[in-house]
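The structure under discussion appears below in the form of structure tokens.
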Amino acid sequence: MKHLITGALTAALLTSTAATAWAQDATYTLRATANSNENDEDYDGLVVFKNYVEAASNGAIEVEMFIGTQLCATGEECLEGVAEGSIDIYIATSGGTASLFPFVQVLDLPYLMADDRVAESVLDNGSPFIATMREMVRESSGDAIRLMTIGNTGGWRNVANVNKTIHTPEDLAGLKIRTVPAELPQVLATAWGAAPTAIPWPELFTSLQTGVVEGTANGITDIMSMKFPDAGLKYLTLDQHAYMGALWFMNNAKFMDMPEDMRKIVADGFYQLQQATFASPKRKSIDAYAAFTAAGGEVYVPTPEEKQAFQDAAAPVQDWFRENVDGGPEALDALLASVDAVNARLASEYETELN
């Protein structure tokens, strides 16, 4: 396991023994699961959450961590567990959640947020966009599930392939691109002119190796943790079309059964978790990019004109989302409004910072 080097994570790990001791007399136990591994940003965030909540509650709250598929294997199964109360906390990507909450795919719409500074402001726990998403999740789940926060799970999605450098959408014509089963990424790949092919994540290495697919859209930390260069993945284009949001859900009844002071600690814990997941991919990506190029990989940054060509080709995906996704217009309007507000605020901040 790579060392967790951020200050928050280091401090959290150093207090883990004490937190475990405090939790022996816990009044509340939270069962949290992440279908990932200990090298993942989700794990980093959950460690910070556990240690903050157990320490801040002076042991009144215990957080039990289940990493991998010990409690559930699929997004649908895990969210069903959250709704029923057998699981208290679960983290999912938008693709893994889309069958139950289709509107969360708004996070996968391409090129809406320019960079980390914009994305992290839009996903701030107090933003109007997050308030809208929370309300929609509770309404869609019959008040059984709460959306606690949206963090990050791998940086930004970029186009990678085994064949050649991708400069423009024309270079993607006919390329077999792996997507998740959710419809939106398939619509995006088609808009680019590629051939979308739904492949489960555990099968992607072999699929790249055997030519079942020729490319994928992932963050660099995922690419390297799965050793995709060994499967022939050599060309990476940093088009940064989507911020890899991670949705953290909680059983609503479990949350509301706590007294207000304990609910505040849990809410603050999710803020700590979110900040850890924002930071973790930034640090891990440094080593990941170095390892990718050392393995013979090529990293290409599109020119502004090339980036605009990708954006223009992907523009129809927004219309598709509005017309075909349940809750799509409401989710997209909330996101666009938050992006506009953040961009306006940042323009003012840059005016002060740069002059």
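Owing to the predicted nature of the structure, the values given are computational and were not obtained by experimental measurement.
Under a 3.5 Å cut-off, the side chain of Arg263 and the backbone N or O of Met258 do form a donor-acceptor pair. With hydrogens and angles disregarded, no donor-acceptor distance shorter than 3.5 Å links the side chain of Glu41 to the backbone of Thr277. Counting only distance, with no hydrogens or angles, the side chain of Glu351 and the backbone of Ala347 share no donor-acceptor pair below 3.5 Å. Proximity of a side-chain donor or acceptor of Arg134 to a complementary backbone N or O of Met148 within less than 3.5 Å is detected. Under a 3.5 Å cut-off, the side chain of Asn158 and the backbone N or O of Gly219 do not form any donor-acceptor pair. Judged by distance alone, the side chain of Glu306 and the main-chain N or O of Thr303 form a donor-acceptor pair under 3.5 Å. Side chain of Asn152 to backbone of Phe278: no donor-acceptor contact under 3.5 angstrom is found. The closest donor-acceptor contact from the side chain of Lys234 to the backbone of Gly296 lies at 3.5 Å or more, if one exists at all. Not a single donor-acceptor pair under 3.5 Å links the side chain of Glu76 to the backbone N or O of Leu100. Here the side chain of Ser127 pairs no donor or acceptor atom with the backbone of Leu123 at under 3.5 angstrom.
Using modelled atom types and a 3.5 Å distance limit, the side chains of Trp156 and Asp115 yield no donor-acceptor pair. Judged by distance alone, the side chains of Ser225 and Asn39 never bring a donor and an acceptor atom under 3.5 Å apart. Inspection of the Glu84 and Ser86 side chains reveals no N or O donor paired with an N or O acceptor under 3.5 Å. Asp312 and Gln308 share a side-chain donor-acceptor pair at under 3.5 Å.
With contacts defined as side-chain heavy-atom distances shorter than 4.5 Å, the pair Asn218/Met226 does not qualify. No side-chain heavy atom of Val104 sits less than 4.5 Å from a side-chain heavy atom of Ile150. Within the 4.5 Å cutoff, no side-chain heavy atoms of Tyr235 are placed close to those of Tyr300. Between Gln70 and Thr33 the shortest side-chain heavy-atom distance does not fall below 4.5 Å. Between Ile87 and Arg31 there is no side-chain heavy-atom pair separated by less than 4.5 Å. Annotation: side chain of Leu188 is not in contact with side chain of Arg157 (no heavy-atom distance under 4.5 Å). Met113 has its side chain out of reach of Val342: every pair of non-hydrogen atoms, C-beta onward, lies at least 4.5 Å apart. The closest side-chain heavy-atom distance from Met133 to Phe101 is not below 4.5 Å.
Residue-environment remark: NZ (Lys282) exceeds the threshold of 12 foreign heavy atoms within 6.0 Å. The environment of Asp230 atom CG is dense: over 12 non-hydrogen atoms of other residues, nucleotides or ligands sit within 6.0 angstrom. At most 12 non-hydrogen atoms from other residues, nucleotides or ligands lie less than 6.0 angstrom from CD of Glu139. Annotation: Glu298, atom CD; neighbour count of heavy atoms from other residues, nucleotides and ligands within 6.0 Å is above 12.
Atom CD1 of Ile61 and atom CD1 of Ile265 lie 5.5 Å apart (nearest 0.5 Å). With values rounded to the nearest 0.5 angstrom, Ile91 atom CD1 is found 8.5 Å from Leu273 atom CG. With rounding to the nearest 0.5 angstrom, the OG1 atom of Thr216 is 10.0 Å from the CD1 atom of Ile199. Here the straight-line distance linking atom CD1 of Ile89 with atom NZ of Lys254 works out to 8.5 Å at 0.5 Å rounding. Atom CD of Glu349 sits about 11.0 Å away from atom CG of Leu354, to the nearest 0.5 Å. Atom CE of Met136 and atom OG of Ser141 lie 12.0 Å apart (nearest 0.5 Å).
Closest heavy-atom contact between Ile166 and Asp171: CD1-O, 3.5 Å. Shortest non-hydrogen contact noted between Ser36 and Ile67 is O-CG2, 3.5 Å. Across all non-hydrogen atoms, the minimal contact from Asp108 to Ala242 is O-CB, 4.1 Å. For the residue pair Ala92 and Phe249, the shortest heavy atom distance occurs at CB-CE1, 4.3 Å. The minimum heavy-atom distance linking Leu236 with Ile220 is given by the pair CD2-CD1, 3.8 Å. What you find for Gly174 and Ala195 is that their closest heavy atoms are O-CB, 4.1 Å.
Checked against the 6.0 Å centroid criterion, the rings of Trp248 and Tyr271 do not qualify as a close aromatic pair. Phe270 and Phe255 have their aromatic ring centers separated by at least 6.0 angstrom.
When the side chains of ILVMFWY residues are joined at heavy-atom separations under 4.5 Å, either directly or via intervening members, Phe129 and Tyr243 end up in a single hydrophobic cluster. Linking ILVMFWY residues whenever their side-chain heavy atoms come closer than 4.5 Å, directly or via other members, leaves Leu30 and Tyr90 in distinct clusters. Transitive grouping of hydrophobic side chains (ILVMFWY, heavy atoms separated by less than 4.5 Å) keeps Val47 and Leu71 in distinct clusters.
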Evaluate the criterion side chain to side chain contact (heavy atoms under 4.5 Å, CB included) for residue pair Phe321 and Gln105; output intermediate values, then yes/no.
CA-CA 9 Å; Phe321 185 79; Gln105 294 180 91; 3.9 Å; yes

Would you sort out whether Arg178 and Ser207 count as a side chain to side chain donor-acceptor pair (under 3.5 Å), showing the intermediate values?
CA-CA 9 Å; Arg178 178 263 176 179; Ser207 297; over 6 Å; no

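By the 4.0 Å N-to-carboxylate-O rule, Lys284 lies too far from Asp222 to be salt-bridged with it.
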